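Below is one structure, written out as structure tokens; comments come after it.
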Amino acid sequence: MTATEGTTRLVEGPGMLLVWLYGVMSVGAVSRSIYQIATEFDRAPLAYALSAVAAVVYAFITYTLVRGGETARRAALVCCAAELVGVLTVGTWTLVDPSAFPDATVWSDYGYGYIFIPVLLPVTGIWWLRRSRASVKVGSGK
Amino acid sequence: MLDALTVAVSVAALALAAWCGFAFFRDQPTKDWHFIGMAVVTLLALVQVVVGIVQLSRGEKAEEGTTIFVAYLLGALCAVPAAGFMSLAERSRWGSATVAAGAIVLAVLEVRLHDIWTVG
């Protein structure tokens, strides 16, 4: 919507669904982090800090997707990769050392609490962002 | 009352998800009838917000806390309309997919709302 002529529009077709899911995850993760950090941070500082990181990543990716353009596309791609690494690391960490996490994070058990959306989303995101570049290269120019 | 509403909203949301999922499958954008369906689901969610707040004001307590309960009520109210507006901007099958995803999110929120309200 904010994209001007000649820039890569990322919110079209499957991108719309992607932006919706990222938007939902952003709202969910941000509100959850604010609430937990404000009320009971001491109970599980590591878990809540990691949730906050996840929230920032989701919000940033949502913003770049909506903004569109080549720079935003690259930034989103980097963030999706970081997100995937984050989900896999935190997911494995929570399984290997549950005692470090008195409470769940957004990325615990590979996003089990969010019907595995956290692990599926970055994969879909990377696919979509790479595909968007490919369509520009072909020069369809739409 | 709240329990019945939670079930009603969940069933309506899943029906909407199936309907819009079907539109996606048939390669169609959302149409007027879909928007009427979204309006019905949203209306149910709005009634749920009102009933929920009335219950709280009567002194009943949500098991996991008032803040979380109200936040989920508002989230449930916004989910389908937000997806609906996005499907207005995306006049293709993917707009239908977005609304279907929104309705599924609403159904999940309803399950959480039930947990948040109920002791146990």
Side-chain angles (χ1 to χ4, degrees), chain A residues 1-3 9-41 43 48 51 55 58-59 62-63 65-68 103-104 106 111-118 120-121 124-125 127-129 131-132 135 142, chain B residues 10 13-14 16-17 20-21 23-25 27-30 34 38 45 62 64-113 115-116:
Chain A
M1 279 156 276
T2 51
R9 266 206 76 190
L10 296 174
V11 186
E12 61 179 9
M16 183 59 89
L17 179 60
L18 200 62
V19 124
W20 164 249
L21 291 173
Y22 267 112
V24 169
M25 288 308 293
S26 302
V27 171
V30 167
S31 45
R32 174 188 173 140
S33 304
I34 291 176
Y35 178 79
Q36 289 179 327
I37 289 175
T39 58
E40 44 179 17
F41 186 65
R43 194 159 76 87
Y48 297 156
S51 283
Y58 284 128
T62 310
Y63 168 71
L65 284 174
V66 171
R67 192 164 181 283
D103 197 5
V106 176
Y112 175 77
Y114 291 82
I115 41 178
F116 292 112
I117 289 177
L120 298 175
L121 212 46
T124 323
W127 167 79
W128 170 244
L129 290 164
R131 200 179 149 277
S132 299
S135 69
K142 58 173 181 175
Chain B
S10 310
L14 288 176
L16 182 68
C20 291
F24 167 75
F25 187 69
D27 202 7
Q28 289 177 342
T30 46
H34 294 113
M38 287 178 230
E64 291 181 33
T66 308
T67 317
I68 297 183
F69 181 65
V70 173
Y72 268 86
L73 277 180
L74 294 179
L77 178 62
C78 297
V80 166
F85 278 115
M86 290 176 74
S87 83
L88 276 179
E90 176 61 42
R91 303 306 299 154
S92 73
R93 68 194 308 216
W94 292 102
S96 305
T98 306
V99 176
I104 291 172
V105 167
L106 175 55
V108 173
L109 287 176
E110 291 301 318
V111 174
R112 280 288 296 137
L113 265 174
D115 290 345
I116 292 165

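Excluded from the calculations below are hydrogen atoms, water molecules and symmetry mates; all remaining heavy atoms, backbone and side chain alike, are included. Within every chain, numbering begins at 1; the chains are lettered A, B, ... in the order of the sequence lines, protein sequences first and strands thereafter. In this text, all values refer to a predicted model and were calculated from it rather than measured experimentally.
When the side-chain contact (heavy atoms from CB on, under 4.5 Å) test is applied to Thr67(B), the partners found at least two apart in sequence or on another chain are Tyr35(A). Taking Ser10(B) as the reference, nothing meets the side-chain hydrogen bond (donor to acceptor under 3.5 Å, both in side chains) condition, with sequence neighbours excluded.
Scanning all heavy atoms of the two residues, the minimum distance from Glu90(B) to Glu12(A) falls at OE1-CA, 3.3 Å. When all heavy atoms of Ser92(B) and Gly13(A) are compared, the pair lying nearest together is OG-CA, 4.5 Å.
Counting heavy-atom neighbours within 6.0 Å of Phe41(A) CZ, excluding the residue itself, gives a total above 12. The local environment of CZ in Phe25(B) is sparse, with at most 12 non-hydrogen atoms from other residues, nucleotides or ligands closer than 6.0 Å.
The distance from the CE atom of Met16(A) to the CZ atom of Arg93(B) is 15.5 Å, given to the nearest 0.5 Å. In this structure, the separation between CG on Leu17(A) and OG on Ser87(B) is 12.0 Å, given to the nearest 0.5 Å. Atom-to-atom distance recorded for Ile104(B):CD1 and Ile117(A):CD1 is 9.0 Å, nearest 0.5 angstrom.
Ranked by heavy-atom pairs under 4.5 Å with chain A, the first of Ala71(B), Gly75(B), Ala97(B), Gly102(B) is Gly102(B). Chain A forms the most heavy-atom pairs under 4.5 Å with one residue out of Thr98(B), Val108(B), Val99(B), and that residue is Thr98(B).
With a 4.5 Å cut-off on non-hydrogen atoms, Ala101(B) touches chain A through its backbone and its side chain both. For chain A, the nearby parts of Ala82(B) are the backbone and the side chain; heavy atoms of each come within less than 4.5 Å.
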